[in-house]
Amino acid sequence: MKIDRLIGILSILLQEEKTTAPELAERFEVSKRTINRDIEDLCNAGIPICTTQGVGGGIRIMDGYKMDRTILTSKDMQMILAGLRSLDSVSGSSYCGQLMEKIQAGSSEFISGRDSILIDLSSWYRETLAPKIEFIQDAIEFGRRIRFHYYSPKGESEREIEPYYLIFKWSSWYVYGFCLDRKEFRTFKLNRMDKIVQSKSFERKRDVPMPGLSTDEIFPMRGRVKAVFEKTQKWRLIEDFGINSFSELPEGELLFEKEYADDEGLLSWLLTFADKVRVVEPEHIREKLVEITSKITDKYRKDKNNE
């Protein structure tokens, strides 16, 4: 829609010192002529836009111009409030709540309808998680290193990092920063961090890459599992991997094939199905499941014999 494109162009001009018609045309997938008409429409609406030709020229908005909040639609405001509400669900302070009150108080006549999007980013660990998030936010804002005790599948360790980003993904919170021990950028799960303290300040001189947030980057695939599930487990497969993650066999069983990142994660997941799954391949996963279940059986047999 044209109005959406006009708002988008205005937003870019307010954030960037200067842009060009070809850049805007490519960004909004329209012609340069359409962009020129859009700029003319914005000028006619009273928005002070300057255009200059030649080398170093471009399109910019005059200094000192501020966007009136009414440029935002009611839906825009609802999205902003939904985002703030989601942050408030894990906030250890009253800042997000106070900010929402300010927006709502100044825009009560502008926001229509009930809240239609509710996002809760908290977890079972909110009491311990919220203080960690606030603490790390402060460290990032003021450029201070953090030290902490870290628990991982490979063991426990003491780490010190320069923190740059807080990340919510895979239903968990992470901090991304430069690890001074490993001399590279790493991602750490907040629930595995303990005894977090701020240490000395650091200068932001590093070329900080954006954290790779794709599942393949964080959890590279190392194998492929093929398993047959009882039909009663269809809801679990759909919930975990989607409606297209399996095919139905003539007998009603479900054939599941999927790449996986590590043996331990796969084994833990498979064991939650108890006797409702049969692994076809790989063979070493089958053997490991036999070993695990045999050890479990032995433990209970010993307990029964000792009674």
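All values reported here derive from a predicted model rather than from experimental measurement.
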**Message:** Are Val228 and Val277 packed together at the side-chain level, in the sense that at least one heavy-atom pair is separated by less than 4.5 angstrom?
**Reply:** no

**Item:** Verdict with supporting geometry, Leu166 and Gln137, side-chain contact (heavy atoms from CB on, under 4.5 Å)
**Value:** CA-CA 7 Å; Leu166 272 167; Gln137 276 183 311; 3.4 Å; yes

**Asked** Taking everything shown except Glu26 itself, do over 12 heavy atoms lie less than 6.0 Å from its CD?
**Response** no

**Prompt:** Which of these, Leu267, Leu271, Leu266, sits in a side chain to side chain contact (heavy atoms under 4.5 Å, CB included) with Trp269?
**Reply:** Leu266

**Message:** Is it the case that the side chain of Thr293 and the backbone of Leu289 share a donor-acceptor pair, with hydrogens and angles ignored and the cut-off at 3.5 Å?
**Reply:** yes

**Complete:** Nearest heavy-atom approach of Gly57 to Thr52 is CA-OG1, 3.2 Å

**Heavy-atom donor-acceptor pair, Glu134 side chain to Pro131 backbone, under 3.5 Å** = no

**Message:** If I take atom SG from residue Cys50 and atom CG from residue Leu13, how far apart are they, to the nearest 0.5 angstrom?
**Reply:** 10.5 Å

**Item:** Shortest non-hydrogen contact from Leu24 toward Ile12
**Value:** CD2-CD1, 3.9 Å

**Message:** Quick check: closest heavy atoms across Arg60 and Lys18, and the distance to 0.1 Å?
**Reply:** CB-CA, 4.4 Å

**Request:** Consider only side-chain N and O atoms of Thr272 and Arg236, and report whether a donor and an acceptor are under 3.5 Å apart.
**Result:** yes

**Prompt:** Which atom pair, heavy atoms only, marks the closest approach of Leu129 to Trp173?
**Reply:** CD2-CD1, 3.5 Å

Sequence neighbours excluded and cut-off under 3.5 Å, please list the side-chain donor-acceptor pairs for residues 147-161, or say none.
| residue | atom | partner | partner atom | Å |
| --- | --- | --- | --- | --- |
| His149 | ND1 | Glu158 | OE2 | 2.3 |
| His149 | NE2 | Glu156 | OE1 | 2.8 |
| Tyr150 | OH | Lys189 | N | 3.0 |
| Ser152 | OG | Lys154 | N | 3.2 |
| Ser152 | OG | Gly155 | O | 3.1 |
| Ser157 | OG | Arg159 | NE | 3.2 |
| Glu160 | OE2 | Ser199 | OG | 2.8 |

**Message:** Less than 4.5 Å apart, side chain to side chain, heavy atoms only: is that true for Glu253 and Lys231?
**Reply:** no

**Prompt:** Do the charged groups of Glu248 and Lys234 touch, with an N to O distance under 4.0 Å?
**Reply:** yes

**Prompt:** Within the distance-only criterion (no hydrogens, no angle test), does the side chain of Arg145 pair as donor or acceptor with the backbone N or O of Lys200 below 3.5 angstrom?
**Reply:** no

**Item:** Under-4.0 Å salt bridge between Arg206 and Glu162
**Value:** yes

**Request:** Identify the heavy atoms of Tyr260 and Arg224 that sit nearest to each other, and give their distance.
**Result:** CE2-N, 3.4 Å

**Request:** Please report the C-alpha distance between Asp263 and His284 in whole Å, then the side-chain angles of each, then the deciding distance to 0.1 Å, and finally whether the side-chain contact (heavy atoms from CB on, under 4.5 Å) criterion is met.
**Result:** CA-CA 9 Å; Asp263 288 356; His284 77 276; 3.1 Å; yes

**Prompt:** So, the side chain of Arg286 versus the backbone of Val279: is there a donor-acceptor pair under 3.5 Å, distance only?
**Reply:** yes

**Asked** In Å, rounded to the nearest 0.5 Å, how long is the span from CD of Glu283 to CD1 of Ile285?
**Response** 10.5 Å

**Asked** Is any side-chain heavy atom of Val175 closer than 4.5 Å to a side-chain heavy atom of Ile167?
**Response** no

**Asked** Taking the six-membered ring where the residue is Trp, are the ring centres of Phe229 and Phe273 under 6.0 Å apart?
**Response** yes

**Item:** Nearest-0.5 Å distance, OG1 of residue Thr19 to CD1 of residue Ile9
**Value:** 9.5 Å

**Request:** Apply the test side-chain contact (heavy atoms from CB on, under 4.5 Å) to residues Arg186 and Tyr176: give CA-CA distance (whole Å), side-chain angles for both, the deciding distance (0.1 Å), then the verdict.
**Result:** CA-CA 6 Å; Arg186 291 285 186 95; Tyr176 175 81; over 6 Å; no

**Message:** To the closest 0.5 Å, what do you measure between CD (Gln233) and CD1 (Ile238)?
**Reply:** 11.5 Å

**Item:** Side chains of Asn36 and Thr51 in contact at under 4.5 Å (non-hydrogen atoms)
**Value:** no

**Minimum heavy-atom distance Ala139-Ile146, with the two atoms named** = CB-CG2, 3.6 Å

**Asked** So how far is it from Asn191 CG to Tyr174 OH, rounded to the nearest 0.5 Å?
**Response** 9.0 Å

**Message:** A side-chain contact here means heavy atoms from C-beta on lying under 4.5 Å apart; do Leu237 and Leu254 qualify?
**Reply:** yes

**Request:** Answer yes if Val208 and Met210 sit in the same cluster of Ile, Leu, Val, Met, Phe, Trp and Tyr residues linked by side chain heavy atoms under 4.5 Å apart, and no otherwise.
**Result:** yes

**Request:** Scan side-chain atoms only and decide if Ser294 and Thr297 contain a donor-acceptor pair under the 3.5 Å cut-off.
**Result:** no

**Prompt:** Between Leu190 and Val197, is there a shared hydrophobic cluster once you connect ILVMFWY residues whose side-chain heavy atoms come closer than 4.5 Å?
**Reply:** no

**Asked** For Arg27, does the CZ atom have more than 12 heavy-atom neighbours from other residues, nucleotides or ligands under 6.0 Å away?
**Response** no

**Asked** So, does Lys295 use its side chain to make a donor-acceptor pair with the main chain of Ile292 at under 3.5 Å?
**Response** no

**Message:** Would you say the rings of Phe178 and Phe202 are close, in the sense that their centroids are separated by under 6.0 Å?
**Reply:** no

**Prompt:** Is Val225 linked to Leu255 within one hydrophobic cluster, defined over Ile, Leu, Val, Met, Phe, Trp and Tyr using a side-chain heavy-atom separation of less than 4.5 Å?
**Reply:** no

**Prompt:** Using the ring of each side chain (for Trp, its six-membered ring), is Tyr164 parallel, tilted or perpendicular to Phe185, with breaks at 30° and 60°?
**Reply:** tilted

**Spatial distance of atom NZ (Lys132) from atom CE (Met193) [nearest 0.5 Å]** = 7.0 Å

**salt_bridge(Glu203, Lys205) N-O dist < 4.0 Å** = yes

**Asked** Is there a chain of hydrophobic side chains (I, L, V, M, F, W, Y, each step under 4.5 Å between heavy atoms) that links Leu270 to Ile296?
**Response** yes

**Request:** Walk me through it: do Asp38 and Arg5 pass the test salt bridge (Lys or Arg N to Asp or Glu O under 4.0 Å)?
**Result:** CA-CA 8 Å; Asp38 290 340; Arg5 189 172 66 250; 2.5 Å; yes

**Request:** Test Phe241 against every option in Trp235, Phe256, Phe246 by the ring-ring contact (aromatic ring centres under 6.0 Å, His included) rule and name the one that passes.
**Result:** Phe256

